[in-house]
2 protein chains.
Amino acid sequence: MLVRGERSPVTAEGVPVRRPTLHAVAARAGVSKSSVSRVINGEPTVAPEIRQIVMAAVTELGYVPNGAARNLVTQKTNTIAIIVSDPPAGLASDDPMFAMVVRAASRQLEAAGKQVSLVLAGSDESRKRVEQYLAAGHVDGAMLVSMDGADPLPAVLARTGLPIVSHGRLSTPGLMPWVDNDNLGGARLAVRHLLDQGRQRIATISGPLDMTAAQDRLTAYRETLKDTGRRSIVALGDFTRISGAEAMRQLLDDDPQLDAVFAANDLMAIGALRTLREAGRRVPDDVAVIGFDDIEAALYTAPALTTIHSPMGEQAARTTRLLLDLITHGSADSVTLPTEIVVRESA
Amino acid sequence: MLVRGERSPVTAEGVPVRRPTLHAVAARAGVSKSSVSRVINGEPTVAPEIRQIVMAAVTELGYVPNGAARNLVTQKTNTIAIIVSDPPAGLASDDPMFAMVVRAASRQLEAAGKQVSLVLAGSDESRKRVEQYLAAGHVDGAMLVSMDGADPLPAVLARTGLPIVSHGRLSTPGLMPWVDNDNLGGARLAVRHLLDQGRQRIATISGPLDMTAAQDRLTAYRETLKDTGRRSIVALGDFTRISGAEAMRQLLDDDPQLDAVFAANDLMAIGALRTLREAGRRVPDDVAVIGFDDIEAALYTAPALTTIHSPMGEQAARTTRLLLDLITHGSADSVTLPTEIVVRESA
DNA sequence: CTGAAAGCGCTTACAG
DNA sequence: CTGAAAGCGCTTACAG
């Protein structure tokens, strides 16, 4: 099938038509451009009859104000950038976090009358691009999503002076306000639950240690175990299912006697469940498994996954609100959201 | 923590500083604005020494061209809209399709030097907003993602004359080029596989019938069965896990003897697996289950899910390329991508 | 190869 | 309450 795709609408004769301008509307209505502008922008100081006739001309011509011209003169864009770290080569590309955060934030931003510009920041080159993009004045503010601690981007962007917030605490403090869930508290809950069950050898599968969430979850695991005199058994993952499966295999090799695993997120817990099944270990009878996040998939594992509920939707909503507040008030406070344990079958 | 969030950078004294303009760079370099513009845009007709001195001024002042001014005068934005139908109330909000498509398309678009604007289209109100947004000239083109057939948006947007493509075939033909996978062929593969196994009572869990993918998958199921003289056993889902679980329950009630289920996507197959487990049916011994899509989660179900591989990543890439072609050449051909069966444990 | 000038399509003080 | 004019920050024919 062939479909025409001209840049602008054309008449039946194929003559390109330009979109009508403010000038055209003014001419059609027989008033000044100023008056049309005032009507369009809903200013109260317009006579009712003028408003009438202008509105008529607007609908008649199908007038829509040109965005670029508006942005140029008002020095604002009504656009917010959502900047997401882009893992190389599709890594974690179906991570539910991405969909949840982007979707929740977009919805709320649009409800607030803002457009959203989605920016992926992966390579050094793309980081440069992001910086230029913000400097070019394309957006009124930005939201950073789960940056890893090694990433220089937050510091660079903070220097632009634009209102920026972070979804997830950054490792460099003071750069910008953030919203995060209580990773420390949540991980403590998880490990204590395992201890309460009388588990003796409790291992963990950690997330990538350049992310604060992974650091916190590992730290809390270590300290909670240390309080009971037990030793840590740690394998490293990167928050993907496959890394969880591999880490579990390694854990089983290192300590065949282990009877519990705390995975730093649900995706890795799902991977661990597969390895345990392949190894013939029963869950939770032989090995208890607990995850973190409480993603929807945790309801569908066999056995159903016990996990720590982190309020992803609320976190996204609060981060968005934080940004909106920062834009209007010039300041905003970081917030930490509480977590809770959800006991199902796996532990 | 309190963080300052001024609109613009300030000096140590707190004096707001404006970003430097082309004018400032020209003054600093001692040349005309025209020359600066030419250097910035890499035009070849510039004397080397002028280029030198301009570049020096640019880096010295940290100059970045204002996007709005550029867009206004050039009448293009270098921005592409990705328009995604937003299901009400978080329905399917962790659908891996969303993440995959948005991510793959963004990556490719940015590699092509385009910015991406993410637009959620759910309510009637938001549909209006989208239309205005495109009419305002904010983007050079758009990509529609999995619109349902009842949605009037594609037709409305097609009338803007902007280059637009669809990720997934639309039910109204001829509106715009699209890229889709072979839903008909894939579903046929699935049902035949079940037949080849000697399954006698083969049910299906359909997707929402206002989507062409769901329609095609159901049609192929029906026709393939009819060829063997078997009757269709259909339950309706909406492509979510929970709907798959509920549909499976209903199917079991309607026909306790069924020995196979074709779920129209993997998410629903995952839901069906849970119901079957709860009902004490062994998979695949008692009931064979086959899905569609081959999402990553299909590798982690117990038992591992047999499914039809639909090339989501490639579909997104091809759709993006289609749009880029449409923008540059003014025309582009729709494409259908082949599917294949991936046999694992569940069928 | 370079610069002065016009103009992209709006908004916004400023007079009236 | 209304309109003429200036200006937002660029690019691009057009002379030279």
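Below, chain A is the first sequence line, B the second, and so on; all start at residue 1.
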Output the single nucleotide from D/dC10, C/dG9, C/dC10 whose closest atom is nearest the side chain of B/Tyr63. D/dC10

Would you indicate which nucleotide in C/dG7, C/dC10, D/dG3 comes nearest to any side-chain atom of A/Pro65? C/dC10

Check the distance between D/dA13's C1' and B/Glu43's CD and give it to me in whole angstrom. 11 Å

Would you call the rings of A/His138 and A/Tyr133 parallel, tilted or perpendicular, taking 30° and 60° as the class edges? parallel

Whole-Å distance, B/Ile53 CD1 to C/dC1 C1', equals 16 Å

Whole-Å distance, B/His23 NE2 to C/dG3 P, equals 14 Å

Does A/Lys128 come within less than 4.0 Å of A/Glu125, counting only side-chain N to carboxylate O? no

Between B/Ser37 and D/dC10, is there a contact of a side-chain N or O with OP1 or OP2 at under 4.0 Å? no

Would you indicate which nucleotide in D/dC10, C/dG9, D/dT2 comes nearest to any side-chain atom of A/Ala47? D/dT2

Reckon B/Gln75 has a side-chain N or O less than 4.0 Å from the OP1 or OP2 of D/dT11? no

Can you check whether any acceptor in the base of D/dG9 is under 3.5 Å from a donor in the side chain of B/Arg19, or vice versa? no

Taking any strand in view, what nucleotide pairs with C/dA15 in a Watson-Crick or G-U wobble way, both distances under 3.5 Å? D/dT2

If the cut-off is 4.0 Å, is A/Ser34 near the phosphate of D/dG3, judged by side-chain N/O to OP1 or OP2? no

Would you verify whether the NZ or CZ of A/Arg19 falls within 45 degrees of the ring axis of A/Tyr63 while also being under 6.0 Å from that six-membered ring's centre? no

A/Ser32 side-chain N/O to D/dG3 phosphate OP1/OP2 under 4.0 Å: yes

Report the nucleotide, chosen from D/dT2, C/dT11, C/dG3, that has the shortest atom-to-atom distance to any side-chain atom of A/Leu22. C/dT11

Closer than 4.0 Å, any side-chain N/O of A/Ser35 to the OP1 or OP2 of D/dG3? yes

Under 3.5 Å, is there a donor-acceptor pair between the B/Thr77 and B/Asp140 side chains? yes

Does D/dG9 have OP1 or OP2 sitting under 4.0 Å from an N or O in the side chain of B/Arg70? no

Winner on side-chain proximity to A/Val73, out of D/dC8, C/dT2, D/dG9, is D/dC8

Short side-chain N/O contact from B/Asn41 to OP1 or OP2 of D/dT11, under 4.0 Å: yes

